[in-house]
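Some notes on the structure that comes next.
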Amino acid sequence: MIDELIENARANFDLTEAAHQDSVRELSERFQAVEDTEGLRGRLSLEGTPLEARMAGLLAESRRWLAGNERPLRVAVVFAMWGEHRRMRPKDEGNPHGEDSLSVKLEQLEWATRDSAVEWMLYAVDDGCPHGSALIAREIAGKHALGDRLKVLSLSEVLPAASGPLAGLGSADESRKAGAIILGAMEAIGDGVDVVIYTDADNSVHLGQVGLLLRTYVEESAPVVLGNRKHAESVLVKEAARWGIGIKVLRHMQRMIGEAVFSRGILDTQAAFKLYEADLLKRIIAEPTVYDFSFDTDWILAAIREGVPIEQVPFAFIDSAAESASIAQGPMTTWETLLFGLTKAVKRHGYCEGDAAAMASVLEEEISGHEDLDALIDYLPRQLETAGEMDYGNAEVMGPEALRKWIRERLKERGT
């Protein structure tokens, strides 16, 4: 039966198609009924297993744990909205990239936690969206049977703040995702939740997988659980890279500056599927280092400084690139934010010394903005030509001063 189910599974997954959502849910329910869970897991790990079957396997694990868990848990799921006016609505001829994402999230959470000890609330936070994402979310919730499980917040309505975690923001225009996630977390913590999970506004992460995070939180007593798309058991479908060979340079710089994070095996810092225990998160967000989308590493570094256990779990991620704000900004603007935000965070939390400090100085002294990164992205220094995952961040492969010299040569050739 297992072989037949797997052989008939889809090889792809379209986030805009309701039929695909129904199909993977039904397959996961079939898998959940399989008694030989280890045998199923082994079969799903084989090369050539269809994408839908691997996704369904993770969903079945999540739902199986949720159904058997007897510990009451109050869970908040938070996401930020900016430019989500099309993805929140269903797909149609005039909206080819529509994902009906808000309704799908509500239904995925209800399905996953049905008849379980988990209570949940979804927090959608408008991050200053010029297209009125909050209004659209409220409209959709008002017509949905699960609409009372959604809280819609607007960052602009609480700013400026005289004190608290958002006091560093003058307006919603100064936030780049983190301000909204922080506001959602604040509201959830005030509501008395046990844990806060944050994700993205699109359907890239099937929320039926929340049991994967919660299982590790409960069974491993881990107050921080990070989704890891690089895990061997994860499912990752990502759009082809839009940058050149010089991405190795940026990853090398990132790993060296953030040695305190990456040396712990935390390599997928930007995955939008993370869990934080509410009491810990309240301390972490009390005084944020950044309000942009480099906040992931700020929070991880804060948790490292607290000395708490940090665990990672595999999960399924299907890229939703067509309406992505980060794609619209351009990859080098994204990398500029990530690198400079990481530098601020390592300094703030006391992890900027040695090679990390030297590489941070190279970044701050040699790179003035994303235009400089654009000038590097199609070139590669000899030292990094054969570099792989294990080499990034290793100063013996290419140290900060060697990289400084190469950057200066490249920018000089550009004429700056």
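Side chains included, hydrogens not; waters and symmetry mates left out as well; all remaining heavy atoms used. Owing to the predicted nature of the structure, the values given are computational and were not obtained by experimental measurement.
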Exercise for review: Check the pair I6, F31 against side chain to side chain contact (heavy atoms under 4.5 Å, CB included), reporting the backbone distance first and the verdict last.
Suggested key: CA-CA 10 Å; I6 291 174; F31 283 163; 3.9 Å; yes
Exercise for review: Could you give me the CA-CA distance, side-chain angles and deciding distance for L301 and V346, then say whether side chain to side chain contact (heavy atoms under 4.5 Å, CB included) is met?
Suggested key: CA-CA 7 Å; L301 283 161; V346 295; 3.7 Å; yes
Review point. Step by step, would you call E38 with D36 a side chain to side chain contact (heavy atoms under 4.5 Å, CB included)?
Key: CA-CA 6 Å; E38 287 304 313; D36 182 10; 4.2 Å; yes
Check your understanding: Hey, mind stepping through L226 and D268 against side chain to side chain contact (heavy atoms under 4.5 Å, CB included) and telling me if it holds?
Key -> CA-CA 9 Å; L226 312 176; D268 188 12; over 6 Å; no
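Taking the charged nitrogens against the carboxylate oxygens, R25 and D22 do have a contact shorter than 4.0 Å, which makes a salt bridge. Ion pairing of R114 with E110 is present here, as a side-chain N (NZ or NE/NH1/NH2) and a carboxylate O approach within less than 4.0 Å. The pair E389-R255 meets the salt-bridge criterion, since a charged nitrogen lies less than 4.0 angstrom from a carboxylate oxygen. R43 and D3 are joined by a salt bridge, as a carboxylate oxygen and a charged side-chain nitrogen come within less than 4.0 angstrom of each other. No salt bridge links R215 with E220; every basic N to acidic carboxylate O contact stays at or beyond 4.0 Å. Here E61 pairs with R41 in a salt bridge; the nearest charged N to carboxylate O distance falls below 4.0 Å.
Annotation: the span from E385 atom CD to M398 atom CE amounts to 10.5 Å, rounded to 0.5 Å. With rounding to the nearest 0.5 angstrom, the CZ atom of R264 is 4.5 Å from the CD1 atom of I304. Here the OH atom belonging to Y392 is positioned 12.5 Å from the CZ atom belonging to F262, to the nearest 0.5 angstrom. Between S175 atom OG and F293 atom CZ the span is 11.0 Å, to the nearest 0.5 Å. Here the CD-CZ distance, from E366 to R404, works out to 5.0 Å after rounding to the nearest 0.5 Å. For the atom pair NE2 (H144) and OG (S103), the distance works out to 4.0 Å, reported to the nearest 0.5 Å.
A side-chain N or O of Y198 and one of D296 form a donor-acceptor pair less than 3.5 Å apart. Donor-acceptor pairing under 3.5 Å is lacking for the side chains of S28 and R63. In summary, the side chains of E277 and Y217 do present a donor paired with an acceptor at a separation below 3.5 Å, with no hydrogens or angles considered. The closest side-chain donor-acceptor pair between S101 and E84, if any, does not fall under 3.5 angstrom. Between the side chains of Q32 and R64, not a single donor N or O lies within less than 3.5 Å of an accepting N or O. There is no side-chain donor-acceptor pair under 3.5 Å between H97 and R86. Checking W111 against Q21 by side-chain atom types alone, no donor-acceptor pair falls below 3.5 Å. Side-chain atoms of Q108 and Q209 include no donor-acceptor pair closer than 3.5 Å.
Counting heavy-atom neighbours within 6.0 Å of K91 NZ, excluding the residue itself, gives a total above 12. Around CD of E365, the count of heavy atoms belonging to other residues, nucleotides or ligands within 6.0 Å exceeds 12. No more than 12 heavy-atom neighbours from other residues, nucleotides or ligands sit within 6.0 angstrom of CD on E353. For CD of E287, the number of neighbouring non-hydrogen atoms (other residues, nucleotides, ligands) closer than 6.0 Å is 12 at most. For M1, the CE atom is densely surrounded, since the number of other residues' heavy atoms within 6.0 Å is greater than 12. Around atom CG of D92, more than 12 heavy atoms belonging to other residues, nucleotides or ligands sit under 6.0 Å away.
Nearest heavy atoms, A178 versus V290: CB-O, 4.1 Å. For D127 against W82, the heavy-atom pair with the smallest separation is O-CD1, 3.5 Å. When all heavy atoms are compared, the tightest approach of G128 to A172 is CA-CB, 3.8 Å. Taking every heavy atom of both residues into account, V308 and V224 meet most closely at CG2-CG2, 4.2 Å. Shortest non-hydrogen contact noted between H131 and G83 is CD2-CA, 4.1 Å. Smallest separation of non-hydrogen atoms from L281 and A185: CD2-CB, 3.8 Å.
Side-chain N or O atoms of E219 include none that pairs as donor or acceptor with a backbone N or O of T216 at under 3.5 Å. For D298 (side chain) and T289 (main-chain N/O), a donor-acceptor pair under 3.5 Å exists by modelled atom type. Although no hydrogens or angles enter the test, the distance criterion places a donor-acceptor pair under 3.5 Å between the side chain of E336 and the main chain of H370. Side-chain atoms of N69 never come within 3.5 Å of backbone atoms of L66 as a donor-acceptor pair (strictly under, hydrogens ignored). Under the 3.5 Å distance criterion, the side-chain polar atoms of H231 are left unmatched by any main-chain donor or acceptor of V313. Side chain of T49 to main chain of S45: no donor-acceptor pair is present (N/O by atom type, distance under 3.5 Å, no hydrogens or angles). Within the 3.5 Å criterion, the main-chain N or O of A134 finds a donor-acceptor partner in the side chain of D126. With S361 contributing its side chain and A357 its backbone, the two residues share a donor-acceptor pair below 3.5 Å. Of the possible polar contacts, one joining the S116 side chain to the T113 backbone as a donor-acceptor pair under 3.5 Å is found. Using a distance-only test at 3.5 Å, with no hydrogens or angles considered, a donor-acceptor pair links the side chain of K248 to the main chain of A387.
In this structure, K177 forms no cation-pi arrangement with F295, as its terminal cationic atom is not both closer than 6.0 Å to the ring centre and no more than 45° off the ring axis. Remark: R229 is positioned above the aromatic ring of F317, its terminal NZ or CZ atom under 6.0 angstrom from the ring centre and at most 45 degrees off the axis.
The aromatic rings of F273 and F315 sit tilted relative to each other, their planes meeting at an angle between 30° and 60°.
The salt bridge (charged side-chain N to carboxylate O under 4.0 Å, His left out) pairs that include a residue from residues 142-164 are E139-K143, K151-E187, K151-D191, where partners are two or more places apart or lie in different chains.
With sequence neighbours excluded, no residue forms a side-chain hydrogen bond (donor to acceptor under 3.5 Å, both in side chains) with T343. Evaluation of the side-chain hydrogen bond (donor to acceptor under 3.5 Å, both in side chains) rule for N95 yields no partner, not counting sequence neighbours.
Two residues are said to be in side-chain contact when any heavy atoms from C-beta on lie closer than 4.5 Å; I318 and M55 meet this criterion. You'll find the side chain of R54 stays beyond 4.5 Å of the side chain of E233, heavy atoms only. By the 4.5 Å heavy-atom criterion applied to side chains, V193 and M121 are not counted as neighbours. Looking at R89 and D100, their side chains never come closer than 4.5 Å, going by heavy atoms from C-beta outward. Looking at L169 and P160, their side chains never come closer than 4.5 Å, going by heavy atoms from C-beta outward. Side-chain contact between N228 and I266: absent, with no pair of heavy atoms (C-beta onward) separated by less than 4.5 Å.
Checked options K344, E306, R305; the residue passing with H349 is R305 (criterion: side chain to side chain contact (heavy atoms under 4.5 Å, CB included)).
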